Amino acid sequence: MEPLLASKIVNALIANATPNFALYTSLARATGLGGTLGEVQKAATESILSAFQEYYGGLWVGGKASLSPNEIAFAPNALNRVVHKGDMSFAIPLADVTDVVIEPSYFTKIIAIQTQCGAFKMRCYGATKFAQTIRQARERANNHPPPVS
């Protein structure tokens, strides 16, 4: 296991994040909101999330970003693992990172990690400092690639 250079609690923009509506339906029944009212609420929630996903290009998912000497990884927190379908964890090799850009936003800035395949976006407090740490790790990774086995 690689040493950890830094980690941050973040919200990551996940393009294919899919809410677990089966869980929502079960919770609605358990709280007495099932039936017609529950279906109306479910439809309204689906509509709102769909519009949000279309506008932002995904859903913001809470979790943890971990930076090692060779990659930046994201893992959703326990709550988001429950309320979304599938595994949204992933890692990007630092050798694939072409740029790290700070984008303005409300409350917290957004870190856009650019690759040739697209951008991974995350927002967090202390984004400027974390972005600089990612840039430095990327430079070290590119100047000292891991040995080929």
Side-chain angles (χ1 to χ4, degrees), residues 1-31 33-34 38-142 145-146:
M1 187 168 161
E2 289 189 286
L4 189 62
L5 301 176
S7 67
K8 263 314 214 183
I9 301 299
V10 302
N11 283 318
L13 186 61
I14 307 293
N16 61 351
T18 306
N20 185 352
F21 284 108
L23 173 67
Y24 175 85
T25 303
S26 297
L27 289 172
R29 278 193 212 108
T31 58
L33 295 175
E39 289 304 313
V40 169
Q41 290 173 330
K42 178 183 173 194
T45 302
E46 285 176 328
S47 177
I48 291 166
L49 287 176
S50 178
F52 188 90
Q53 202 161 17
E54 186 175 323
Y55 181 80
Y56 286 103
L59 295 177
W60 289 101
V61 175
K64 183 178 181 180
S66 301
L67 178 65
S68 71
N70 293 305
E71 68 183 21
I72 179 87
F74 171 77
N77 60 30
L79 176 63
N80 279 282
R81 285 193 305 269
V82 170
V83 299
H84 290 93
K85 292 180 181 178
D87 183 9
M88 295 169 288
S89 303
F90 63 89
I92 300 170
L94 291 176
D96 293 349
V97 174
T98 58
D99 202 2
V100 180
V101 179
I102 292 291
E103 297 178 356
S105 186
Y106 298 105
F107 303 111
T108 59
K109 293 180 182 174
I110 296 171
I111 302 171
I113 299 173
Q114 308 283 339
T115 71
Q116 290 188 8
C117 298
F120 159 64
K121 293 184 178 186
M122 62 184 165
R123 58 187 331 139
C124 62
Y125 292 103
T128 302
K129 184 176 177 184
F130 191 44
Q132 185 58 33
T133 303
I134 296 167
R135 287 185 197 105
Q136 291 168 346
R138 181 191 71 179
E139 286 300 314
R140 285 192 300 272
N142 288 336

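Keep in mind that this is a model prediction, so the values were computed, not measured.
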State whether the side chain of Lys8 and the backbone N or O of Tyr125 hold a donor-acceptor pair below 3.5 Å, judged by distance alone. yes
Tell me, please, which residues at least two apart from Thr98 pass side chain to side chain donor-acceptor pair (under 3.5 Å). none
Using side chain to side chain contact (heavy atoms under 4.5 Å, CB included), reason through Leu5 and Gln136 one step at a time and then give a plain yes or no. CA-CA 11 Å; Leu5 301 176; Gln136 291 168 346; over 6 Å; no
How far apart are the closest heavy atoms of Gly62 and Asn11, and which atoms are they? CA-OD1, 3.1 Å
Nearest heavy-atom pair of Cys124 and Ile111: which atoms, and what distance? SG-CD1, 4.1 Å
Please round to the nearest 0.5 Å and tell me the distance separating atom NE2 of His84 and atom CG of Asn16. 10.0 Å
Derivation of the side chain to side chain contact (heavy atoms under 4.5 Å, CB included) call for Val97 and Phe120: CA-CA 10 Å; Val97 174; Phe120 159 64; over 6 Å; no
Straight-line distance of Asn142 CG to Asp96 CG, nearest 0.5 Å: 9.5 Å
Should Glu103 and Lys121 be marked as a side chain to side chain contact (heavy atoms under 4.5 Å, CB included) after you check the CA-CA gap, both sets of side-chain angles, and the distance that decides it? CA-CA 9 Å; Glu103 297 178 356; Lys121 293 184 178 186; 3.3 Å; yes
Test item: Arg135 side-chain N/O and Val100 main-chain N/O as donor-acceptor pair under 3.5 Å: yes
Considering non-hydrogen atoms only, spot the tightest contact between Leu94 and Ile72 and give its length. CD2-N, 4.2 Å
Using the ring of each side chain (for Trp, its six-membered ring), is Phe90 parallel, tilted or perpendicular to Phe74, with breaks at 30° and 60°? tilted
Where is the tightest heavy-atom contact between Pro76 and Met88, given as atom of each residue plus distance? CD-C, 4.2 Å
Closest heavy-atom pair and its distance - Ser66, Leu4: CB-CD1, 3.7 Å
Closest non-hydrogen atom pair, Ala127 against Ile102: O-CD1, 3.6 Å
Distance (rounded to the nearest 0.5 Å) between Asp99 CG and Arg138 CZ: 6.0 Å
Does Thr115 have any side chain to side chain donor-acceptor pair (under 3.5 Å) partners at least two apart in sequence or in another chain, and if so, which? none
